[in-house]
Amino acid sequence: MSNFFDGFGKIRYYIIVMSGLVGVYLWASITGTRFSGDDNELKEEPRGRTHAHGNGFYHK
Amino acid sequence: MATTSTSENALQPAGVACPGCGTLVPNIDTENSCYFACAQCYTFFRKKGKTQPEIVKKFYPSEMVVPPIPVGTTGTLDGKQFTVVGFMKKTDTTHENRWHEYLLYNNTLDNYFTLAEYKGHWTLLWVSQLKGIKLYGAGSFHEMRSFSPNRTFRQYTKYSFEIEWASGEFDWDITTDEGPHMEVYEFVDAPDIIVTEEDGDKKVCYQGKFVDRTDVAVGFGVSLSSLPPKFGAGVLEIPKFIEQEKPMNRFTLLLIGIVLLSPFIISMFKPSRLVFNEVYRTTKDTSAWSSINPIVTPPFEVKHSGALNVEFVTNITNNWIELQASLVNDKTGKTYEFTKALEFYQGYEGGESWSEGDFESDVNFSSVPAGTYHINLYPYAETSIPIDINVRVEQNTVLYSNIAWMLAAVLTLPILRSWRKSAYENNIF
């Protein structure tokens, strides 16, 4: 009966690299760190807008 | 496995004079060899005991090939000592493929082996002692045969052959194997092969295995560069990436499981929680043209540092609204600014309902420290109709983009290997 871990020695370097990557992922999940950064500084403009308004955004 | 070449116990060749040109053809297995092929004039002749040599055939090679492992060379391969006693260049009359065969004599076993080379790929073959070979189907190219008990060999090819030329000595008339009456079947389960030669009711079965090119060079003491270069992928050779395929697939499944389960496990310790949820209705700012009064939320507590999700749900229909917002830390003054533009249109046209855009949107912030926050919201719209805006803030939100990135990273190499395997299988000889 074959073992789930049979042949893992043949891919030990891949296992080391991917384990490190999964470790980083778990750390990011626990600390709430987003790989792609924040959504801040996001500038969007609706296509339905009918005219330009200053720099395109309303500021109080 | 090959070790090093050796001249120990090397057989001292006698010689048989070629009836065509008088050249002395080496005779190593003096007891059994009775057919000889001259490398000078390509005469194939019979010589048994003290009888006069009898010419059987004259070969007319299309090109002269000097065997990189000359007849008479001794060496070790697969843990056995061999002497090269014969060489043949064969042509597959069905597919026009050409390959070389070295006849190897093992003095200890008093047995013959064949070392075949095709496009730089080497196979060691010997008469099979295997029992219980089972045949399934007959005649078709895709039939399968298997033997004892766990191996299944898939038919790879079927052919007949001609011998273009030969040199050295043989214990049978090699020319009787030529022609369509002899059908050769090859069955492959890499790195092993079974070859059957069927001539009417007479069947001979050979077993074989992949031999590394380097082992051949080292085993027979010839330089690697003198051997034919490898072309494409050999059908018996199992590349490393195929050996690694199964463990890598299992490991990838394990990683996918960890990545997909981690949000649930982490949520046990850091559950997602709605820390703010209020609905605001926009009011026109009478002091400014075509603008809406800003909205300032009351303070709310973010108890754990982590990812924060701010969501806006509006009731716009056939309209748009622009939301410029700041998430402000009341203690430090640190501000997270963002702008979301929402637009939602719907209608009925040509007998069908349609809708476009979205009336809700959200933003994620990474590693937001614990503390008290409020949101300053500056809506802008061209309509004077009041718009309801539901502001929702969730802490410890699940970062689905991280999961997507991680799954992409986990699947990249297996997918690339799958393409490589496909390319390899299309390039097998």
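In what follows, chains are A, B, ... by sequence order, proteins preceding strands, each numbered from 1.
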- Does CH2 in B:Trp354 sit with more than 12 non-hydrogen atoms of other residues, nucleotides or ligands closer than 6.0 Å? yes

- Query: Of all residues at least two apart in sequence or in a different chain, which pass the salt bridge (charged side-chain N to carboxylate O under 4.0 Å, His left out) check with B:Arg392?
  - Reply: B:Glu311

- Of B:Leu399, B:Ile266, B:Asn396, the residue whose pairing with A:Ser29 passes side chain to side chain contact (heavy atoms under 4.5 Å, CB included): B:Ile266

- Task: Assess the side chains of B:Ser367 and A:Thr31: does a donor N or O sit below 3.5 Å from an acceptor N or O?
- Result: no

- Query: How about residues 400-409 of chain B versus chain A: which residues have heavy atoms under 4.5 Å apart?
  - Reply: B:Ser401, B:Asn402, B:Ile403, B:Trp405, B:Met406, B:Ala409

For residues 256-265 of chain B, which side-chain donor-acceptor pairs fall under 3.5 Å, sequence neighbours excluded?
from, atom 1, to, atom 2, distance (Å)
B:Ser262, OG, A:Tyr25, OH, 2.9
B:Ser262, OG, B:Ile258, O, 3.4
B:Ser262, OG, B:Val259, O, 2.9

- Item | Distance in Å, B:Met248 CE paired with A:Phe8 CZ, rounded so as to fall on 0.5 Å steps | 10.0 Å

- Task: Inspect the surroundings of CD1 in B:Ile385 and state if more than 12 heavy atoms from other residues, nucleotides or ligands are less than 6.0 Å away.
- Result: no

- Query: Is there a donor-acceptor contact under 3.5 Å from the side chain of B:Arg250 to the main chain of A:Phe4?
  - Reply: yes

- Contact origin within B:Thr397 toward chain A - heavy atom pairs under 4.5 Å: neither

- Item | Test item: B:Lys246 and A:Asp6 side chains (from C-beta on) under 4.5 Å apart, heavy atoms | no

- Which answer fits B:Val398, side chain, backbone, both or neither, if we ask what part of it has an atom under 4.5 Å from a heavy atom of chain A? neither

Kindly list each side-chain donor-acceptor pair under 3.5 angstrom involving residues 12-22 of chain A, sequence neighbours excluded, with atom names and distances?
from, atom 1, to, atom 2, distance (Å)
A:Arg12, NH1, A:Gly9, O, 2.6
A:Ser19, OG, A:Ile15, O, 2.6

- Considering non-hydrogen atoms only, spot the tightest contact between B:Gln244 and A:Lys10 and give its length. NE2-O, 3.1 Å

- Checked A:Ile30, A:Ile11, A:Leu26 vs chain B; the most non-hydrogen pairs under 4.5 Å come from A:Ile11

